[in-house]
Amino acid sequence: MKFNKLHIALILTAGLSMSACKDSSFLDVPSQEIVEEGDKDQVYTPESFVNSVYGMFTDWNYSFSYVAITDMLSDNADKGSSPTDPGGDKQEIDNLAYTSSSGSFGALWSHWYKAIGRATQSIALTESTEIADAAYKNRLIGEAKFLRALNYFYLVRGWGDIPIQDQDLIIRAPKADVYAYIIKDLKEAIEVLPLKSAYESKDLGRATKGAAQALLSKVYLYNQNWNEAYTLAKEVINSGQYGLESKYEVLWRASSENGTESIFEFQARGEAIAHGVQQYSEVQGARGVTGWGWGFNTPSQNLLNAFNAEQDNIRRDATIIFRGETLWDGRVVGTGVENPMYNEKAYSSANAGAGDGDKNVRYLRLGEVYLILAEAANEMGNTAEATNALNTIRTRVKLPNTTATNQTDLRKAIWKERRLELAFEHDRWFDLVRTKQAPEAMKADGKTFQEKHYLFPIPYEQLTQTPDMVKNPGY
């Protein structure tokens, strides 16, 4: 089947990218911005359209803008690099001085809506195409719905009320409606997606039933739907598809990619290195003599203090590269590097400073699901099960059981555990906002959190193109 002159209306009038897979690896997804009339000989299949949505995870935006509005904003990270290098808008983001003109927000607003457009087009195409294998057809639709839900989840957490693309491109739907849309997509994906174990090796990394369940559990957590979050987290843990890695420190090494603890990752490698997540490792690599990168998104002293206060040496040393240390693979980080600390979870041993990096970016893993279960169970009054789930995570890194015995203290202990377990996994800012810890946490980090910071600014470019769109307060 051939498709010519395909277009879709998107926020920021972004064109729809299509991808054609020419080999067996779904990771190899070279893209064209618009399929033109002249592309008469190009064949596009439903699967190639789904693959184009996955391909969005390899974009440059996930290397620089993404780390800025997820990590640099928070108390876990500083801008890093050189004091004289603002990294575009990264200094103002680190200082909580960003505006609607700060480019990182516009880049990801456009990027995530573009990914949603691809997913929606993929669903429509697959539904309208005759495919003899009904399970395969439904799987492709389920993958696209999972990916669409994931992109909407980023948008709604950042901006609150947002347009639902296939309903209206200007009017911002209430946050509750957006979450209902996400939940519907994920429930439908759960019904048709295979288990992780059912995929062939060439398709490892695609969305699975467990990934949709885990993401839906996380969505429910953000909505304080405790029972639903608990039930789905329990199903993932008891599914037999996943297990905790015995050693925390190996979780970000190539040997554990798509491994036993992995639920969903942004893919950067197939059997051979594919396009990779563009410059993700390079941007965050050590800067200067004996370095291999630009030195952005560095661990804060605040985060280091949190690890040390808990005597959490295992997770500290797996998360932070220190100036002057020798890494697990023998690489020497000399004393001449510019910053005292760097993000070890972004480090790639084989391909440290390459533009097209080979490192998968972990998005969902079983360790987080245990903490979702712990938080939901605690809010439901099930202190025993919450404590057990929390201690399961602590035991792996050789920490003693929690001393919290009541709901309030256990809640704080779980929130602290999320910080230490999930540092530099791009959720800290959203956690601070959803739990209302942000004002106090940012003050402790020497920054002033304002009421407006609970939401991101609608990008200036969007407001210029659609002046009737309502701004977020304070911007």
Side-chain angles (χ1 to χ4, degrees), residues 23-29 51 54-55 57-60 62-63 66-67 71 196-197 199-208 210-211 241-286 290-294 296-297 299 314-322 325-333 342-368 396-397 421-426:
D23 63 20
S24 61
S25 172
F26 84 96
L27 296 170
D28 189 9
V29 284
N51 293 349
Y54 287 103
F57 293 127
T58 68
D59 189 270
W60 155 250
Y62 275 99
S63 296
Y66 180 66
V67 300
D71 282 338
K196 181 179 180 180
S197 58
Y199 276 112
E200 297 180 31
S201 59
K202 69 182 180 65
D203 287 321
L204 198 61
R206 290 187 179 276
T208 64
Q241 296 292 299
Y242 311 100
L244 292 177
E245 286 277 1
S246 59
K247 294 184 177 180
Y248 181 87
E249 59 268 27
V250 307
L251 276 167
W252 293 272
R253 300 177 189 174
S255 60
S256 69
E257 287 184 341
N258 300 314
T260 183
E261 188 162 337
S262 171
I263 297 176
F264 189 72
E265 303 179 11
F266 303 161
Q267 300 294 308
R269 69 167 76 231
E271 291 182 4
I273 302 301
H275 174 60
V277 182
Q278 223 176 63
Q279 295 176 274
Y280 181 82
S281 295
E282 183 180 28
V283 163
Q284 299 177 79
T290 74
W292 57 90
W294 301 3
F296 283 93
N297 199 38
I314 291 176
R315 287 187 297 203
R316 179 197 65 197
D317 294 343
T319 303
I320 300 175
I321 293 173
F322 293 95
E325 81 164 290
T326 300
L327 298 179
W328 62 271
D329 59 356
R331 184 187 297 272
V332 176
V333 185
Y342 296 95
N343 174 14
E344 187 157 348
K345 289 183 179 179
Y347 174 66
S348 166
S349 179
N351 205 23
D356 277 353
D358 65 343
K359 187 180 189 69
N360 285 6
V361 179
R362 280 59 164 172
Y363 177 73
L364 280 169
R365 58 184 180 83
L366 192 64
E368 181 177 7
R396 171 166 61 175
V397 291
E421 174 74 15
L422 304 173
F424 285 94
E425 294 180 51
H426 308 293

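Asp317 contributes no side-chain N or O that, together with a main-chain N or O of Phe322, makes up a donor-acceptor pair within less than 3.5 Å. Gln284 places no side-chain N or O within donor-acceptor distance of the main-chain N or O of Asn343, the cut-off being under 3.5 Å. Remark: side-chain polar atoms of Lys345 are paired, donor with acceptor, to backbone N or O of Ala423 under 3.5 angstrom. A donor-acceptor pair under 3.5 Å links the side-chain atoms of Ser281 to the main chain of Ala346, judged by distance alone. Looking only at distances, no side-chain donor or acceptor of Ser348 sits under 3.5 Å from a matching main-chain atom of Asp358.
The side-chain heavy atoms of Leu327 and Glu344, taken from C-beta on, include a pair separated by under 4.5 Å. Side-chain contact between Asn258 and Glu265 is present, with at least one heavy-atom pair separated by less than 4.5 Å. Taking 4.5 Å as the limit, every side-chain heavy atom of Asn351 sits out of range of all side-chain heavy atoms of Lys359. Considering only heavy atoms from C-beta on, Val361 stays 4.5 Å or farther from Phe57 through its side chain. Side-chain contact check for Phe424 versus Asn297: some heavy-atom pair is nearer than 4.5 Å. Side chains of Tyr347 and Val333 form no contact here, defined as non-hydrogen atoms less than 4.5 Å apart.
Atom CZ of Arg253 sits about 16.0 Å away from atom CG of Asn360, to the nearest 0.5 Å. For the atom pair OG1 (Thr208) and CG (Asp203), the distance works out to 12.5 Å, reported to the nearest 0.5 Å. Taking CH2 from Trp252 and CH2 from Trp328, the interatomic distance works out to 13.5 Å, rounded to the nearest 0.5 Å. For the atom pair CD1 (Ile321) and CZ (Arg331), the distance works out to 8.5 Å, reported to the nearest 0.5 Å. For the atom pair CG (Leu204) and CD (Gln267), the distance works out to 7.0 Å, reported to the nearest 0.5 Å. From Trp60, atom CH2 reaches atom CD of Gln279 across 5.0 Å, with rounding to the nearest 0.5 Å.
Residue Trp292 comes nearest to Ala352 through the heavy atom pair CD1-CB, 3.4 Å, listed as atom of the first residue, atom of the second, then distance. The shortest heavy-atom contact between Ile320 and Glu325 is O-OE2, 3.6 Å. The two atoms that bring Val397 and Arg315 nearest to each other are CG1-CG, 3.5 Å, heavy atoms only. Here the closest heavy-atom approach between residue Thr326 and residue Val332 is recorded as OG1-CG2, 4.0 Å. Contact between Phe264 and Ala211 at its shortest, heavy atoms only, is CB-CB, 4.2 Å.
Among Tyr280, Tyr363, Phe266, the single residue meeting the ring pair (Phe, Tyr, Trp, His ring centres under 6.0 Å) criterion with Tyr62 is Phe266.
Residues Ser197 and Gln241 have side chains that bring a donor and an acceptor to within less than 3.5 angstrom of each other.
For Arg365 and Glu245, the salt-bridge test fails: no basic side-chain N is under 4.0 Å from an acidic carboxylate O. A salt bridge does not link Glu368 to Arg362: none of the charged nitrogens lies less than 4.0 Å from a carboxylate oxygen.
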